[in-house]
Amino acid sequence: MTEFKSSHFDSRAVARTLLRKSRARAQYFDADLLGDPVWELLLTLFEAEESKHVCAISDLRQGSTMSADTLQRWIKVLERRGLLTTIADAGMLNAGLVKLTGQAHRAMASYLMDITHLDPERF
């Protein structure tokens, strides 16, 4: 991972660009052919956190191509791997809130910076 920092680098904008491009493919091809729903989940959580938001699991269900059961399974897998954490919230009717761990957030930011430097014309 690179340690290079740039005042012009906007990790949130790069994450949004990747999400838009991924969703645009669905206009031309079936999502099951090209979809990467877990990656999109990580990008969505990263973009939300960069916007100072925390995602409700119910909102993630609406924005995902995954079924509710599949989303729940992946949330548990990502929690076990230390990439995200679920925040209990009684006001959400047990739906809960999900966010990246600090380690996962830093890894996403570093990855987005690295790909931006590898392919600056793309971003």
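Below, each value reflects all heavy atoms present in this structure, side chains not excepted, and no hydrogens, waters or symmetry copies.
- Between atom CG of residue L97 and atom OG1 of residue T86 there is a gap of 9.0 Å, rounded to the nearest 0.5 Å.
- Distance check: R20 CZ to S22 OG gives 12.0 Å after rounding to the nearest 0.5 Å.
- Across all non-hydrogen atoms, the minimal contact from G82 to T101 is O-OG1, 2.8 Å.
- Between the S11 side chain and the A109 main chain, no donor and acceptor come within less than 3.5 Å of each other.
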Go through it in stages, so that I can follow the logic: the residues are K99 and T85, the test is side-chain contact (heavy atoms from CB on, under 4.5 Å), and I'd like the CA-CA distance, side-chain angles, deciding distance and then a yes or no. CA-CA 6 Å; K99 63 177 262 160; T85 185; 3.6 Å; yes
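- Distance check, rounded to the nearest 0.5 Å: CG of L60 to CE of M66 gives 8.0 Å.
- Side chains of T70 and R73: a donor-acceptor N/O pair is present below 3.5 angstrom, by distance only.
- No side-chain heavy atom of V77 sits under 4.5 Å from any side-chain heavy atom of V38.
- Counting heavy atoms from C-beta outward, L43 and M108 have side chains that approach closer than 4.5 Å.
- Rounding to the nearest 0.5 angstrom, the gap separating the CG atom in L18 from the CG atom in D36 is 11.0 Å.
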Test side-chain contact (heavy atoms from CB on, under 4.5 Å) on V98 and L41 and set out the steps. CA-CA 11 Å; V98 180; L41 174 63; over 6 Å; no
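- Residue W74 holds its CH2 atom at 11.5 Å from CG of L84, rounded to the nearest 0.5 Å.
- The side chain to side chain contact (heavy atoms under 4.5 Å, CB included) search around K52 returns none, not counting sequence neighbours.
- Scanning both residues, L42 and L78, for their nearest heavy atoms gives CD2-CD1, 4.2 Å.
- Inter-residue side-chain proximity for E40 and L19 is flagged as met; some heavy-atom pair is nearer than 4.5 Å.
- To the nearest 0.5 angstrom, Q72 atom CD is 10.0 Å from S67 atom OG.
- The closest side-chain heavy-atom distance from K21 to T17 is below 4.5 Å.
- Residues D10 and E50 are not in side-chain contact: their nearest non-hydrogen atoms beyond the backbone lie 4.5 Å or more apart.
- In this structure R12 satisfies the salt bridge (charged side-chain N to carboxylate O under 4.0 Å, His left out) test together with E47, sequence neighbours excluded.
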